[in-house]
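First the proteins, then the strands, lettered A, B, ... as listed; each starts at 1. Model, not experiment: these values are computed from the prediction.
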There are 2 protein chains.
Amino acid sequence: MPDLSDVAAVAGVSKATASRALNGSGLVAPETAVRVVAAAARLGYVPNRAARELARGRTGIIAIVVPTLDNTFFTPIIAGAQARAEEAGLQLTVAVHALDSADAVERLSRQVDGFLVVAPRGTDTLVAGVGATKPAVLVDREIDGMTSVVADTATAFGALTTRLAAEGHPRIVYVGGPEGSWQDRQRTAAVRDAAQRAGAELTVLGPRPATFVAGVEVTPSVLETGATAVVPYATSIGLGLLLALGTRGVEVPRDLVVSTEPTVIEALGLEHTPAIDVDGEELGRTAMDLLARQLDGQDEPGRQVRLPVPVRG
Amino acid sequence: MPDLSDVAAVAGVSKATASRALNGSGLVAPETAVRVVAAAARLGYVPNRAARELARGRTGIIAIVVPTLDNTFFTPIIAGAQARAEEAGLQLTVAVHALDSADAVERLSRQVDGFLVVAPRGTDTLVAGVGATKPAVLVDREIDGMTSVVADTATAFGALTTRLAAEGHPRIVYVGGPEGSWQDRQRTAAVRDAAQRAGAELTVLGPRPATFVAGVEVTPSVLETGATAVVPYATSIGLGLLLALGTRGVEVPRDLVVSTEPTVIEALGLEHTPAIDVDGEELGRTAMDLLARQLDGQDEPGRQVRLPVPVRG
DNA sequence: GGGTCCGATGGAACCGGTTCCATCAACGAA
DNA sequence: TTCGTTGATGGAACCGGTTCCATCGGACCC
């Protein structure tokens, strides 16, 4: 297995120059750099991570903290972050942690350069604690002073509600998300506001966990309200609703419009059913970008990015 | 931040002795060891991972290769592996890769101590290639000579079919999984065999991707067969089926029994619907255990573990 | 009592990079 | 022509552990 001295020898330069050439420090003569890169490629040289870490005092590892992997909302975020990490020469490790206590993260903190934090719940204090020791980017939640990227679903939920009301739904139900969820607070407020403006009657049910089973369980309550449209906090809840409605003989969307996400709507061929379209991968990519810039010193902490969320269908 | 020399100085010994004492090599006088450990504790010493890696020639990182994160079958495996990795003092990184080519894995190979490979598809040659350079454990698939752990779903699918036939379903449909899937081949064979023994008529549809949309799309073909029970390859396909059946007014399970997984069956309150119960986390835990033992030299490569899969409901 | 063996310990090399500092050649300016 | 400056490069220290090898003192044996 070739190491840096081998590359240097083949290229006819010293280890120091080889190192500089491969890291693009710009202090090397262009032709020398080319020779070194060619030598590295020919030998199939891959730098030893541990040695680099030791010398640089950086690990090159980023941890993404997610509350669970069982929710399809989080996994695209991970995939997006992973793709970007690879491009930036960083490794991503996934830490499943609900952030209801601080210790597990503290241990991790010594082993990584930074954090991507997906924490829909948990108190501001606990979540902000993660960013205290190492650079961190908050995903789909905002806390003052912390860098974050969120999908602007609040605006989208508002628009969705306006649209449903305009399409002739005088009674609408919003099925809320998990207790203490930051996004749920935003969405509830937006939906309430939109319904009021449009003169529609709104019932808010919840809080509910963002699971399939919760959607099934909430179905009777939804039907009781006599509403003709329901807007669930999460796709998983919407799927549960759709399934339970099917077994009860309620026809969708004739008797009740259920707004989930475009892929579901399209697959089932549902008419008159608007839905919001969150790009989770983009969320992950953006978060990793922000963190990488922060690690390079190109960005100061505190930047807050909002990605627009379209309403489709 | 204290380092090993600090600990050694406080304990009044050399770095060499301090290192031995902290790693429990047994070559140190008991009282000396106690003194060193106490010094380390007092200083709050945490060993530098990079330095240890460099000296030992091991990275302490394991990569789990999965084809996608969008499938709820894989995520519990990751969670289980992650939990076990943490216990063993290893870091887990998730690599999303379909294993349809070799290069991406080759690059990773230098950065990790071993692989957990979840590759339902991909040729034996490509998959085995991952294990060529570093220790690897195959998850939910078997290849001669490679260590592996699989959920014995073939047996479970067979039992399920036998049971459905015994409960009065003369016509059964099996909706197959992705093209080239190892598990799909096992299951198809088991289902065929069981149906034949029981004298039931079996239709095999597929191959189909293991997605929700595929389940929706296959629904008309399922209904055409006139079967009274359907066994889908994956839960996601089953959910698609259930949804599509609901919108078509087919009553489940009266008109058609759809076998998915126990949580779904239970949530919807479906009667007479047996389902298999795969413990994905256990799969991940076991795989990580096998790999850890292999890295420690306690196990030879090639061990094949099969986890039993119960049929419930 | 002298020699041998063994357990405990210390010194120093080593893992494979990065980076500070010194060197050197070439070039422009005086 | 000579000196100062700049850009490219090499030598060597260093990051923080692990581990080989040598040393040393004490116990045991003949």
Side-chain angles (χ1 to χ4, degrees), chain A residues 1-40 43-61 89-91 110-113 295-297, chain B residues 1-40 43-61 89-91 107 109-113 295-297:
Chain A
M1 192 165 289
D3 70 6
L4 191 59
S5 346
D6 298 328
V7 174
V10 169
V13 297
S14 71
K15 260 174 69 181
T17 301
S19 171
R20 284 190 280 253
L22 293 174
N23 290 306
S25 68
L27 297 157
V28 203
E31 53 187 48
T32 311
V34 170
R35 220 166 59 234
V36 173
V37 170
L43 295 175
Y45 168 74
V46 176
N48 178 309
R49 248 222 18 252
R52 173 173 287 180
E53 277 182 40
L54 182 57
R56 288 219 260 237
R58 281 223 231 160
T59 69
I61 302 179
L90 295 164
Q91 296 240 345
R110 306 276 179 100
Q111 316 257 349
V112 302
D113 287 347
L295 290 173
D296 286 350
Chain B
M1 191 162 289
D3 70 5
L4 190 60
S5 344
D6 299 328
V7 175
V10 169
V13 297
S14 70
K15 263 175 65 181
T17 302
S19 171
R20 285 190 278 252
L22 293 173
N23 290 306
S25 67
L27 296 157
V28 201
E31 54 187 47
T32 311
V34 170
R35 220 165 60 235
V36 172
V37 170
L43 294 176
Y45 168 74
V46 177
N48 178 311
R49 240 212 33 236
R52 173 173 287 181
E53 279 182 37
L54 182 57
R56 289 218 260 237
R58 283 224 227 162
T59 69
I61 301 178
L90 295 165
Q91 295 240 344
R107 281 220 330 271
S109 172
R110 305 282 175 96
Q111 316 257 352
V112 302
D113 287 347
L295 290 173
D296 287 349

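- Distances shorter than 4.0 Å separate some side-chain N or O of B:N23 from OP1 or OP2 on D:dT18.
- Note: CZ (B:R58) to P (C:dG16) measures 16 Å, nearest angstrom.
- Taking the nucleotide of DNA chain D with the nearest heavy atom to each of A:R56 and A:V13, the more 5' of the two is matched to A:V13.
- One interatomic measurement links the two molecules: CG of B:L54 to P of C:dA13, which rounds to 17 Å at whole-angstrom precision.
- A 4.5 Å side-chain heavy-atom check between A:D3 and A:N48 finds every atom pair outside the cut-off.
- One atom, CG of B:L22, and another, C1' of D:dG17, lie 11 Å apart when rounded to the nearest Å.
- Atom CD of B:E53 is separated from atom CZ of B:R58 by 11.0 Å, given to the nearest 0.5 angstrom.
- With a 4.5 Å cut-off on side-chain heavy atoms, A:L22 and A:L4 count as touching.
- Using a 4.5 Å cut-off on side-chain heavy atoms (C-beta onward), B:R49 and A:I61 make contact.
- For the pair A:R52 CZ and C:dC15 C1', the computed distance is 16 Å after rounding to whole Å.
- Remark: C1' of D:dG16 and CG of B:N48 are 6 Å apart, rounded to the nearest angstrom.
- Phosphate proximity of C:dA8 to B:T32: absent, as no side-chain N or O sits under 4.0 Å from OP1 or OP2.
- Between A:S19 and C:dT18 there is a side-chain polar atom (N or O) within less than 4.0 angstrom of OP1 or OP2.
- Here the P atom of nucleotide C:dC6 and the CG atom of B:L27 are 15 Å apart, to the nearest Å.
- At least one side-chain nitrogen or oxygen of A:T17 sits closer than 4.0 Å to the OP1 or OP2 atom of D:dG10.
- Within the 4.0 angstrom heavy-atom criterion, base atoms lie near A:A16.
- Remark: P of C:dC15 and CG of A:D3 are 9 Å apart, rounded to the nearest angstrom.
- Taking only side-chain atoms of A:V28, from C-beta outward, the nucleotide of D:dT9, C:dG16, C:dT9 with the closest atom is D:dT9.
- Rounded to whole angstrom, the span from the CG atom of A:L4 across to the C1' atom of D:dG10 amounts to 13 Å.
- Note on A:R20: every side-chain N or O is 4.0 Å or more away from OP1 and OP2 of D:dT9.
- Side chain A:K15 to base D:dG10: no donor-acceptor pair is found below 3.5 Å.
- Between A:S14 and D:dG10 there is a side-chain polar atom (N or O) within less than 4.0 angstrom of OP1 or OP2.
- With a 4.5 Å cut-off on side-chain heavy atoms, B:R52 and B:N23 count as touching.
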